[in-house]
Amino acid sequence: MAKYKIAWLPGDGVGNEVMECTRIVLDRLGFDAEYIHGDIGWEFWKSEGEALPERTKEMMKLTDCALFGAITSKPKEEAAMELTPELQDKGFVYFSPIVKLRQEFNLHTNLRPCKAYSGNPLNYKDEIDIAIFRENTEGMYGGVEFFPLPPDVFDVLDTNHPKMKKFTHHGVENIAMSTRIMTKHGCENIIRQAFEYAKKFDRKSVTVVDKPNVLRETGGLMIRTAREVAKNYPGIDLWETNIDAQCMWLVKNPEDYEVIVAENMFGDILSDLAAQLVGGLGFACSANIGDEYAVFEPTHGSAPKYFGQYKVNPTAMILTAKMMLDWLGESAMADRLEQAVCEVISERKVGTYDVGLDNTSLEVAEAIAEKL
Ligand code: IPM
Ligand code: MG
C-alpha cells in the first residue's frame, strides 16, 4: 500500500496540463502515493448542475489531502445559460467549487507565499519574500447574499440601523446585498497562524491589512484581535495598514513585508498583486489548510485560451506540490523540489513564454525532474 492517498482534482482547462507536469516531478521525487481522480469543474456543472459532485467529496474524505488544478468560474446568469437543456430553469445555481471546498471542509487558512526566486527575469525586486495569510471561509466570501432583498430582512435592518433609511425609496426589489460576516474566532485563528509562521521562520513583522476606518465593525474586530494576539509574540512587530495603502506600498516597497494577514476578499486581492511582483500567476502557489485536511491549488485559473497548448508555466502548480509535501511532513522532499525549481529558474535555459523562453509546460517539468 502506498504511504499517502491523494485526491487528484485537475478540474478545467490548463489545470489538467499543470497537474500532468506535477505528476512527472512527484514521480521522479519518489513520492509514495496513490492518486485518486475526482470529478470537479465546469463539465460537471453543465451536465449535472453541480461543479463539485457529492461523490468527489466522499472520495476526498478517504484521502490525506487533495491536489487541485484549476476551475472555470462564471457569474450566475452566464453559468445558468451553459447548463444542458434538461437542467435549464430547474433552479440550479452555480457556486465556485473551490470556494465550496474551502467552506465545506473548513479549510480556514489560505497560505500564499510570494517569493522572488533568484534569476527570475520577472521579479519586480529580488528581495521579495512575503507569506500571505488569507482567511478562507468568512468575510465577503461567506455567501450570505440577497437579491432582491427579502422585505423582512430589510425590516430587521431598518429597525436596527439608522443608515438603512437612505435605501428605502429604492424598493427592496432594487436592492442587492452581500454581507461581510467576520467572527472573533475566524480573525483570531488566521492572525495566530500568521504569527506562528513568523515565529517559526524568524520573521520580524506581521502586517494586518483591513479598512477599519470605514468598515468599522468588521475591520475593527480584525485589528483589535490582531493587537490581542500580538501580545503573545513579543519579538514580532504588528503593523496595521489599510487595504488601499497596502496595495500601493506593496508596489513601492514590497521587500519591507514579511507576513501579511487579511480577511478573505482583501487577501484575495493582495495575493494577486503580490504574485505579480514575483513573476505573476505562473509562480503563485497556495494551500487551503484546515485542522485535518488541506487542498493545494495554484492561484491561477483555468486559462481556457491556452488550453491544449501546454503553454502555461507549471511552476505555480509544482511549488503547490512542494507546499503539500511540507504539510505532509515530507520536508526533505519539499526542499529538494524547491531547490530543483530554483535551479531551473536561475539557469534560464528552459522556461515557458511568460519568462521569455519558448518551452512547453512539459519541458519545464522535465527540466525540474532532471535536477532531481
Ligand atoms: C483565488 C481565486 C478564487 C477566489 C476564485 C476562482 C473563486 O481568485 O483562489 O484567489 O476568489 O478565491
Ligand atoms: Mg484570487
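Remember, it's 1-based here, ligands and their atoms both numbered in the order they're listed. All heavy atoms count here, side chains included; hydrogens, waters and symmetry mates do not.
- Looking from atom 1 (C) of ligand 1 to the surrounding protein, the closest heavy atom is R112 NH2, 3.3 Å.
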Step-by-step side-chain contact (heavy atoms from CB on, under 4.5 Å) determination, T109 to I190
CA-CA 6 Å; T109 299; I190 196 70; 3.8 Å; yes
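- For S73, no nitrogen or oxygen atom sits less than 3.5 Å from a nitrogen or oxygen atom of ligand 1, counting backbone and side chain alike.
- Residue R102 has at least one nitrogen or oxygen atom sitting less than 3.5 Å from a nitrogen or oxygen atom of ligand 1, judged on distance alone.
- Between the side chain of Y124 and the backbone N or O of V251, at least one donor-acceptor pair lies under 3.5 Å.
- Counting the atoms of ligand 1 from 1 in the order shown, those under 4.0 Å from a heavy atom of S96 are 7 (C).
- Cation-pi geometry between K311 and Y353 is met: the NZ or CZ atom falls under 6.0 Å from the ring centre, inside 45° of the normal.
- Distance check for atom 5 (C) of ligand 1: every protein heavy atom is found at 4.0 Å or beyond.
- When only non-hydrogen protein atoms are considered, atom 8 (O) of ligand 1 lies nearest to D268 OD1, 3.4 Å.
- Ion pairing between E50 and R55 fails under the 4.0 Å rule for side-chain N and carboxylate O.
- Not one N or O of D272 is nearer than 3.5 Å to an N or O of ligand 1, by distance alone.
- Using a 4.0 Å cut-off between heavy atoms, K100 makes no contact with ligand 1 at all.
- At a threshold of 2.8 Å, the Mg ion (ligand 2) has a backbone or side-chain N, O or S atom of D268 nearer than that distance.
- At distances below 3.5 Å, at least one donor-acceptor pair connects side-chain atoms of E363 with backbone N or O atoms of T360.
- Residue-level proximity to ligand 1 for H300 is absent, since no heavy atom of it falls below 4.0 angstrom.
- E347 contributes no side-chain N or O that, together with a main-chain N or O of V350, makes up a donor-acceptor pair within less than 3.5 Å.
- In terms of protein heavy atoms, atom 11 (O) of ligand 1 is closest to Y141 OH, 2.6 Å.
- The backbone N or O of Y310 lies less than 3.5 Å from a partner atom in the side chain of S361, making a donor-acceptor pair.
- For S286 (side chain) and E297 (main-chain N/O), a donor-acceptor pair under 3.5 Å exists by modelled atom type.
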